[in-house]
Q: 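Structure provided below as structure tokens; questions to follow.
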Amino acid sequence: MTRERTIKTTTNRGSSSPEYLSGKECPGEALFWERLGPARFRCTLCPHRCIIEEGDVGLCKVRGVEHGRVVSLTYARPAIIVSDEIEKKPLFHFHPGTRVLSLGSHGCNVLCAGCQNWQLSHASPHTEGDRLPLLLPDDAVAMARKHKLGGVAFTYNEPVVWLEYVHHVFTAFKKAGLYTAFITAGYVSEAALDYIASVTDAFNFDLKAATAEEWSRFTKVKDHSSVLAAAIRAKTVHQRHVEVVTNVIPGINDMDASLRAIALWVKEHLGPDTPWHVTRFLPDFELSYLSPTPVRTLERAAALGKAVGLRFVYVGNVPGHPGRDTVCPSCGRTAIHRTEAKVRLTCVRDGRCAACGEDLALVVPGGV
């Protein structure tokens with residue numbers, strides 16, 4: 001499940017592009033902003049609501065003001081283009097066993113201290129953007145078709161920060177009959193969430209901790225209530241497939257009370273069938289002084305999740321761990337067996353357990 005294939009980028013110069021993107025010209029004018037003065041603007045994309053002046057950028061480093069307009073500095077400029085398993089997102093109950101075109105770029109509005117993709121999330125397009133390839137939405141679809149991929153996922157950095165491009169790519173993929181997945185920390189305004197949810201099939205929300213104090217210890221988020229609201233809205237208002245993940249960090253969010261509180265919130269607000277992934281923290285960036293999360297801590301977290309009533313809890317970032325399998329909560333059969341090499345739907349029929357008929361809350365291709 002760690003197999004990853006980098007895809008060579010080729011740009012079709014004849015591809016269609018948004019009205020504000022002419023040929024290779026990037027950046028394009030952004031959405032979600034308001035003018036405060038002749039050279040002063042407020043970005044309304046996320047709750048930071050950065051005030052940006054001419055020639056400057058917001059906290060995310062990829063939305064700035066140029067020539068009297070707010071622009072997306074990374075529009076159609078991915079820094080990473082790979083084919084990998086949908087399970088790697090992690091999405092275990094959405095088109096299991098398929099491969100997906102994964103796109104990421106520079107910038108982030110959450111900026112975790114222990115980010116494993118910090119080379120992307122903390123980078124600035126002002127220094128590296130010109131070296132990034134141009135990938136227009138129709139070209140992304142052609143790439144996915146060429147490599148026989150099931151859809152597209154925006155991941156590796158926070159997709160909220162280049163939301164206009166994500167929306168255009170998702171629109172093109174939906175038109176082509178391919179699926180779309182949005183892997184996010186969910187720090188986004190309600191209007192922006194509605195904008196992207198209209199073309200998104202699946203979300204994975206990163207619920208980093210149980211309290212605002214814990215979030216603020218290792219992210220730039222001081223109030224996580226908007227994250228919770230976004231996850232609820234994606235599930236209940238837009239009725240999208242939602243999974244959640246918590247990277248369990250020693251000494252920060254690994255206390256039983258915190259883990260139990262997250263699990264209870266997921267059950268009460270997203271439903272007991274919502275998959276919860278508890279993943280192993282691996283030291284990196286500003287938290288490189290910490291130790292990796294003990295596997296027994298993840299197993300305890302999974303047990304806590306199941307004890308409060310979550311039906312599908314998974315152990316992540318531990319190759320070969322049995323906690324990666326989907327087990328029928330009714331009869332105990334292994335419905336989906338996951339190894340590093342392959343995902344096998346061993347006991348699934350039409351999204352249900354083939355042995356007892358229990359609904360496994362799966363989104364599967366027709367007939368699986």
Q: Could you tell me whether a side-chain N or O of Glu158 sits under 3.5 Å from a main-chain N or O of Ala185, the two making a donor and an acceptor?
A: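 Yes, the answer is positive, given that a donor and an acceptor are paired below the 3.5 Å cut-off.
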
Q: Regarding Lys88 and Thr155, do their side chains bring together a donor and an acceptor under 3.5 Å, going by distance alone?
A: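 No, Thr155 and Lys88 have no side-chain donor paired with an acceptor closer than 3.5 Å.
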
Q: Kindly write out the residues that satisfy side-chain hydrogen bond (donor to acceptor under 3.5 Å, both in side chains) with Thr98, not counting sequence neighbours, or none if the list is empty.
A: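 Checked Thr98 against side-chain hydrogen bond (donor to acceptor under 3.5 Å, both in side chains); matches are Tyr179.
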
Q: With a 4.5 Å heavy-atom cut-off, do Val343 and Leu345 have their side chains touching?
A: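 Counting from C-beta outward, Val343 and Leu345 do come under 4.5 Å.
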
Q: Think Arg338 forms a cation-pi with Phe92, using NZ or CZ under 6.0 Å from the six-ring centre and within 45 degrees of its axis?
A: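 The answer is yes, since Arg338 meets both limits relative to Phe92.
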
Q: When clusters are formed by joining ILVMFWY residues with side-chain heavy atoms under 4.5 Å apart, either directly or through shared neighbours, do Val245 and Tyr314 land in the same one?
A: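 In one cluster with Val245: Tyr314, no.
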
Q: Under the ring pair (Phe, Tyr, Trp, His ring centres under 6.0 Å) test, which residues partner Phe173, sequence neighbours left out?
A: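 Result, ring pair (Phe, Tyr, Trp, His ring centres under 6.0 Å) vs Phe173: none returned.
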
Q: Should Phe281 and Pro292 count as side-chain neighbours, where that means a heavy-atom distance under 4.5 Å?
A: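 With C-beta onward as the side chain, the pair stays apart.
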
Q: Could you check whether Glu190 pairs with Arg233 (Lys NZ or Arg NE/NH1/NH2 to Asp/Glu carboxylate O, under 4.0 Å)?
A: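 Result for this pair is yes, salt bridge flagged.
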
Q: Show me the pairs that pass salt bridge (charged side-chain N to carboxylate O under 4.0 Å, His left out) and involve residues 241-254, at least two apart or across chains.
A: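 Passing the test, one end in residues 241-254: no pairs.
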
Q: Can you tell me if Arg99 and Ser83 form a side-chain donor-acceptor pair at under 3.5 Å?
A: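 Indeed, the side chains of Arg99 and Ser83 share at least one donor-acceptor pair under 3.5 Å.
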
Q: According to side-chain hydrogen bond (donor to acceptor under 3.5 Å, both in side chains), who are the partners of Trp215, at least two apart in sequence or on a separate chain?
A: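 Checked Trp215 against side-chain hydrogen bond (donor to acceptor under 3.5 Å, both in side chains); zero matches.
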
Q: Could Lys342 and Glu85 be called an ion pair, given the rule that one side-chain N must be under 4.0 Å from one carboxylate O?
A: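 Not counted as a salt bridge, because no side-chain N and carboxylate O are separated by less than 4.0 Å.
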
Q: Could you tell me whether the side chains of Thr219 and Tyr187 share a donor-acceptor contact shorter than 3.5 Å?
A: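 No, no side-chain donor-acceptor pair sits under 3.5 Å.
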
Q: Between the side chains of Arg300 and Asp256, is the shortest nitrogen-to-carboxylate-oxygen separation below 4.0 Å, so that they form an ion pair?
A: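 Judged by the 4.0 Å cut-off on N to carboxylate O distance, Asp256 and Arg300 do form a salt bridge.
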
Q: Let me know which of Leu178, Asp201, Val152 forms a side chain to side chain contact (heavy atoms under 4.5 Å, CB included) with Phe170.
A: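 Only one of Leu178, Asp201, Val152 forms a side chain to side chain contact (heavy atoms under 4.5 Å, CB included) with Phe170, namely Val152.
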
Q: Is it true that Glu164 and Arg63 have a side-chain N and a carboxylate O under 4.0 angstrom from each other?
A: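 Salt bridge: yes.
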
Q: Does any donor atom in the side chain of Thr44 or Glu34 lie under 3.5 Å from an acceptor atom in the other side chain?
A: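 No donor-acceptor contact under 3.5 Å links the two side chains.
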
Q: Between His122 and Asn117, is any side-chain donor less than 3.5 angstrom from a side-chain acceptor?
A: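 Per modelled atom types, His122 and Asn117 side chains form no pair under 3.5 Å.
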
Q: Please list, chain by chain and in numerical order, all residues satisfying side-chain hydrogen bond (donor to acceptor under 3.5 Å, both in side chains) with Glu54, sequence neighbours excluded.
A: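 Result, side-chain hydrogen bond (donor to acceptor under 3.5 Å, both in side chains) vs Glu54: none returned.
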
Q: Just jot down the side-chain hydrogen bond (donor to acceptor under 3.5 Å, both in side chains) partners of Asn204, sequence neighbours excluded, or say none.
A: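 Asn204: no side-chain hydrogen bond (donor to acceptor under 3.5 Å, both in side chains) contacts found.
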
Q: Do the side-chain N and O atoms of Ser102 and Asp84 include a donor-acceptor pair separated by under 3.5 angstrom?
A: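 Yes, because at least one side-chain N or O of Ser102 sits under 3.5 Å from a partner of the opposite role on Asp84.
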
Q: Thinking salt bridges, do Arg352 and Asp350 make one under a 4.0 Å N-O criterion?
A: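 The answer is no: the pair does not qualify as a salt bridge.
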
Q: Can you confirm whether the side chains of Asn247 and Thr279 place a donor and an acceptor under 3.5 Å from each other?
A: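 Distance-only check passes for Asn247 and Thr279.
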
